[in-house]
Amino acid sequence: MQTILEPHWIIPIEPAAVVLTDQAVVLEGSAIAAVLPVAEARRRYPAATRVSLPSHVLLPGLVNLHTHAAMVLMRGLADDLPLHEWLNGHIWPAEARNMSEAFVHDGTRVAAAEMLRGGITCFNDMYYYPEAEARAVGAAGIRAVIGLVVLEFATPYARDSASYLARARETAAALRGDSLVRCAVAPHAPYTVGDEGFRTAVALAEECDLTLHVHVHETETEIRDSVSQHGVRPLERLDRLGAVSRRTVAAHGVHLSEEEIHLLADRGAHVAHCPTANLKLASGMAPVARLLAARVNVGIGTDGAASNNRLDLWSELRLAALLAKAVAGRADALPAHEALAMATLRGARALGLDSEVGSLRPGKRADIVAVDLGAPELAPCFDPASHLTYAAGREHVTHVWVDGRPVVADRALLTLDLGEMRALASEWGRRLAST
Ligand SMILES: [Zn+2]
């Protein structure tokens with residue numbers, strides 16, 4: 001089964017900062033077989049199905065490096081509050097009353113529908129009931145790294161850090177070998193997990209060769225509390241516990257000293273930059289240009305829809321490019337091609353998936369998005385990378401492939417029924433409002 005995709009432009013991400021024209025991408029099964037001139041593709045693959053994309057740009061599917069997918073069911077439940085008040089006063093109580101396998105299964109499908117239609121082909125998640133999430137991921141046909149959450153306090157999912165970790169170990173074994181799902185160990189944050197919980201989480205991640213996904217330095221409050229409780233800032237405490245390494249995806253990284261940036265670089269840790277959530281919760285603005293200058297690998301995440309409130313990586317990458325300039329005081333900070341790399345290959349690298357996805361190279365899995373730049377609001381187009389970063393949005397995504405399978409075609413989602421997703425979300429909304 002071969003397909004030739006014939007777009008106007010290709011931004012392969014590898015090699016970096018390149019725009020190809022008159023080139024095609026050939027899919028064979030779940031993989032990219034070739035990137036080559038259109039005429040040659042037609043000659044070499046005469047039996048292939050051709051997909052004409054005459055005003056489109058093709059690029060790797062977007063990687064959402066930090067989210068809590070099922071929280072779409074709490075979108076707009078509580079806004080205009082700082083993080084700790086939002087979590088303690090609203091989100092955690094609502095979760096305590098409503099959390100279940102069904103909540104996670106339904107919420108993940110609703111989130112996957114939004115993400116796929118917006119060109120996100122892979123997401124790095126942290127939530128409860130990972131087996132239910134994995135079933136939803138399989139039904140949606142999206143790729144995911146599912147965080148096996150660890151907390152100290154009781155929820156309907158588990159009662160203490162030891163029971164979260166026991167469930168994490170079982171789930172990691174149960175999901176091994178799934179083609180679309182990988183697992184990560186996800187100790188929630190320095191302020192919700194004790195030293196022993198972190199040590200055991202790190203040991204599990206090392207034993208099973210998994211990513212370690214953790215919120216780090218999101219707010220100044222969390223740093224102040226750590227200094228008074230532990231005598232050190234959270235990142236230093238995590239480092240002493242072995243939790244800062246090449247397998248670490250540190251979500252947020254808003255408040256970082258120069259030494260802390262160099263510690264992240266030295267350890268090979270990755271940062272998931274979540275600009276909208278940081279602005280909305282008034283957490284601050286991450287020092288992205290300084291992280292990049294220190295050669296820290298930075299990807300982009302939406303965070304959960306309850307604190308964003310969109311799972312839209314185009315709006316995140318645009319905001320990331322704009323904020324990086326304002327924070328650095330330099331208009332050349334985070335140019336378009338670099339922002340696109342953060343939303344694709346660098347996110348994949350943070351998850352250890354860069355040999356499989358994140359760029360359009362022969363041999364990689366075919367996770368691809370087509371964006372139509374033919375709309376009048378996008379004409380003229382001097383540079384498709386510029387439009388993708390500063391002008392286009394998820395409404396211009398027309399086709400998406402995950403692992404070679406078409407999941408969105410001519411803007412229609414092929415794997416989930418949108419009417420059913422809307423009904424599910426509305427039903428959960430009624431339950432949340434009445435409890
Ligand atoms: Zn988060």
Side-chain angles (χ1 to χ4, degrees), residues 63-79 81-92 94-95 99 104 107-108 111 114-115 120 122-130 133 144-153 155 157 164 184-193 201 211-223 234-235 238 243 248-256 269-286 298-313 315-316 319-320 347 350-351:
V63 177
N64 183 357
L65 193 55
H66 176 66
T67 192
H68 313 277
M71 290 182 85
V72 289
L73 301 178
M74 294 186 283
R75 187 189 330 251
L77 179 71
D79 297 314
L81 295 165
L83 175 70
H84 296 276
E85 205 179 321
W86 175 78
L87 275 176
N88 290 304
H90 300 272
I91 296 301
W92 286 340
E95 286 179 346
M99 185 50 54
V104 172
T108 304
E114 179 182 2
M115 289 194 277
I120 294 169
C122 177
F123 67 100
N124 183 36
D125 204 67
M126 181 194 293
Y127 214 53
Y128 309 96
Y129 298 104
E133 190 178 341
V145 175
I146 295 181
L148 311 171
V149 74
V150 181
L151 288 161
E152 292 289 336
F153 58 82
T155 63
Y157 173 64
Y164 283 97
V185 183
H188 172 265
Y191 55 90
T192 48
V193 180
T211 290
L212 194 78
H213 182 188
V214 55
H215 294 90
V216 177
H217 287 206
E218 182 174 359
T219 65
E220 276 171 334
T221 307
E222 133 197 11
I223 295 172
L235 191 67
L238 292 189
T248 305
V249 175
H252 302 294
V254 172
H255 303 281
L256 295 167
H270 315 270
V271 170
H273 176 38
C274 304
T276 300
N278 297 155
L279 292 179
K280 184 162 185 275
L281 299 168
S283 303
M285 292 175 278
V298 181
I300 302 178
T302 57
D303 212 340
S307 64
N308 180 304
N309 297 355
R310 300 158 67 100
L311 303 184
D312 176 359
L313 215 63
S315 60
E316 295 305 313
L319 188 55
L351 300 171

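Counting begins at 1 with the first residue of the sequence. Both ligands and their constituent atoms are indexed starting at 1 by order of listing.
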Every N, O or S from the protein that is nearer than 2.8 Å to the Zn ion (ligand 1): H66 NE2, H68 NE2, H215 NE2, D303 OD1
Side chain to side chain contact (heavy atoms under 4.5 Å, CB included) partners of T219, counting only residues at least two apart: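 Per chain and number, T219 pairs via side chain to side chain contact (heavy atoms under 4.5 Å, CB included) with L83, H84, T221, E222, S283.
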Could I get the full list of side chain to side chain contact (heavy atoms under 4.5 Å, CB included) partners for A286, not counting sequence neighbours?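 Applying side chain to side chain contact (heavy atoms under 4.5 Å, CB included) to A286 gives H273, V288.
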Kindly say whether the aromatic ring centers of H215 and H252 come within a distance under 6.0 Å. yes
Strictly under 6.0 Å, is that where the ring centroids of H68 and H66 end up? yes
Who pairs with D312 by salt bridge (Lys or Arg N to Asp or Glu O under 4.0 Å), at least two apart in sequence or on another chain?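 With sequence neighbours excluded, D312 shows a salt bridge (Lys or Arg N to Asp or Glu O under 4.0 Å) to R310, R394, given in chain and number order.
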Say whether, by atom type as modelled, one donor and one acceptor occur between the side chain of T155 and the main chain of Y157 under 3.5 angstrom. yes
